Student: 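First the structure, which I've put down as structure tokens, then a few questions once you've had a look.
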There are 2 protein chains.
Amino acid sequence: MTQDAFSETLITTASDQVFVDMRREIVEGSIEQGSKISEPELAKRYGVSRATLREALNRLESCYLVERKANVGCRVVALTAERLIEVYQVRSALEGLACRLAADNMAPDEVQSLKQLLNQHLQTQRVKEGESYYQEAGDLDFHYRIIKASKNEHLIHLLSNGLYQLIRMYRVQMGMVGPRVSKAFDEHLAIINAIENHDSELAELLMKRHISASQANIQAKFNLLATQKKVAQ
Amino acid sequence: MTQDAFSETLITTASDQVFVDMRREIVEGSIEQGSKISEPELAKRYGVSRATLREALNRLESCYLVERKANVGCRVVALTAERLIEVYQVRSALEGLACRLAADNMAPDEVQSLKQLLNQHLQTQRVKEGESYYQEAGDLDFHYRIIKASKNEHLIHLLSNGLYQLIRMYRVQMGMVGPRVSKAFDEHLAIINAIENHDSELAELLMKRHISASQANIQAKFNLLATQKKVAQ
DNA sequence: TTCTTTAAGATTGTCGACAATTTATATTGA
DNA sequence: TCAATATAAATTGTCGACAATCTTAAAGAA
């Protein structure tokens, strides 16, 4: 029984393993977005039976990475501009809530630990400037900690098991890296301060604004990519 | 291929049918909350194989009605006071968002249709005073329409396929019926007016307040029930 | 040619059986 | 009596095969 790094999924069964593997491949784009999933083919590839693969597909469906139609089959989700907006509207509402609850609940030592984490990110960020992986991981860390600090299990599950893989998929496949990183850092700092002061209203507002900015950033990338595709034709 | 009334689930396969049936039984309490689910037993009861039943269980898990542990099995969710708070915090954030979007997007004829619906509810409510089913259905109708009017497919799915069955489960099993009905009606009216005026900020606020009131109502029932149980001992 | 209809192929849904794991029971030793 | 261990029973996880459904390709009619 091992453990999955990103969402702390306990890997006990064969279908757990297939689920985690497929999730990574879909998020990172090894399995192409929008592509049809053939059960016999993938079962063979992962060396499991169709029953086991289908179990994994069910779970991928619950975190919005594949879509199923009865008697037709599975398809990897397609990253559209419309969906991006939809997902970020939901994310903003939920993480705004999480941040508000965190401001209400977070203990002083938890706040200090989070501050420390942020400083670490600042250090490594300067060193690793341009390497998107560390920025990704650092940003994820920060948001994840706040989500957990909400102490609302349902909310935590909804975000970390539900939305986050999809959000990660957008970020990874848009190749998120650029000048927004340092701005994001300042925003994180402001959010922590609000939490430290138990100013829940401000914390919620700042988080929502932070997420909106992130959305605008991805959306710009999206449009840029769309333009490039048009020129290429 | 038939259709399920409440969440518009298309029933195509055998597992669809089992899913819808079990969902109803769990929500209404025929299958007791907190009880262990035996796969062989229920498969026999519904006249399907274990594979088909497990498919249904997977889907019940994604709408939070059962909880699974690897190599241990399924258990029907337990309705605790803590969970009620968690779920309603999330619901408030999401339906608040839905209501805001509805205020932005809703066309005049849609608003009129919703007003008309509300009047119908008022009529039948007076006639059927005390029959909780109609109040339930009416309230659900209202909220569902606003959710749909958000035009955010992800949000719609999250609420109607995800949270609502669990919310319904709380309401049904707490036996929701009482003096709050008429107040709820007034609140609905105020929300529609805000939507009609495209006052999205107010619409969101009123919806959140409306949901908080509903939560307080259920919570009161909960405490009452807990007290009764203590006395009975 | 274009549109239906029909048949073949492939894919998903469902089943019963076996393997792996957990839970309950019985046994042994202190 | 109680705790720890070993055994037996039951439950879940996984597999391969068959049935039902959809998709594709071919054949025929307008």
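The model shown is predicted, which means the values in this text are computed figures rather than measured ones. Below, chain A is the first sequence line, B the second, and so on; all start at residue 1.
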Student: For DNA chain C, which nucleotides open and close the run of contacts to chain A, 5' to 3', at under 4.0 angstrom from a non-hydrogen atom?
Tutor: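 The protein-touched segment is C:dT11 to C:dT14.
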Student: Between A:H188 and A:D139, do the side chains contain an N or O donor and an N or O acceptor separated by less than 3.5 Å?
Tutor: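 Side chains of A:H188 and A:D139: pair found under 3.5 Å.
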Student: Between A:E61 and B:R59 (salt bridge meaning N to carboxylate O under 4.0 Å), is one present in this structure?
Tutor: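 No salt bridge links A:E61 with B:R59.
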Student: Check A:R145 with A:E110, please: is the shortest side-chain N to carboxylate O separation under 4.0 Å?
Tutor: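 Salt bridge: no.
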Student: Could you verify whether a donor N or O on one side chain and an acceptor N or O on the other, from B:Y164 and B:E95, lie under 3.5 Å apart?
Tutor: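 Note: B:Y164 and B:E95 side chains meet the donor-acceptor criterion.
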Student: Would A:S214 and A:N217 count as having a side-chain donor-acceptor pair, cut-off 3.5 Å?
Tutor: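 Side-chain D/A pair, A:S214 to A:N217: absent.
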Student: When you match A:D16 and A:V72 each to their closest nucleotide on DNA chain D, which lands nearer the 5' end?
Tutor: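 The residue whose closest nucleotide sits nearer the 5' end is A:D16.
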Student: Sub-3.5 Å donor-acceptor pair from the side chain of B:R75 to the main-chain atoms of B:G34, do we have one?
Tutor: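 Yes; judged by distance alone, with no hydrogens or angles, the pair exists.
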Student: Taking the side chain as every heavy atom from C-beta outward, state whether B:Q219 and B:I85 have any pair of such atoms under 4.5 Å apart.
Tutor: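 When only atoms from C-beta onward are counted, B:I85 and B:Q219 do touch, with a gap below 4.5 Å.
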Student: Any salt bridge linking B:K208 with B:E204? Criterion: basic side-chain nitrogen under 4.0 Å from a carboxylate oxygen.
Tutor: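 Result for this pair is yes, salt bridge flagged.
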Student: Using heavy atoms and a sub-4.0 Å distance, could you list which residues of residues 33-57 of chain A are near DNA chain C? By number, please.
Tutor: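 Per residue number, the list reads A:K36, A:I37, A:E39, A:P40, A:R50, A:R54.
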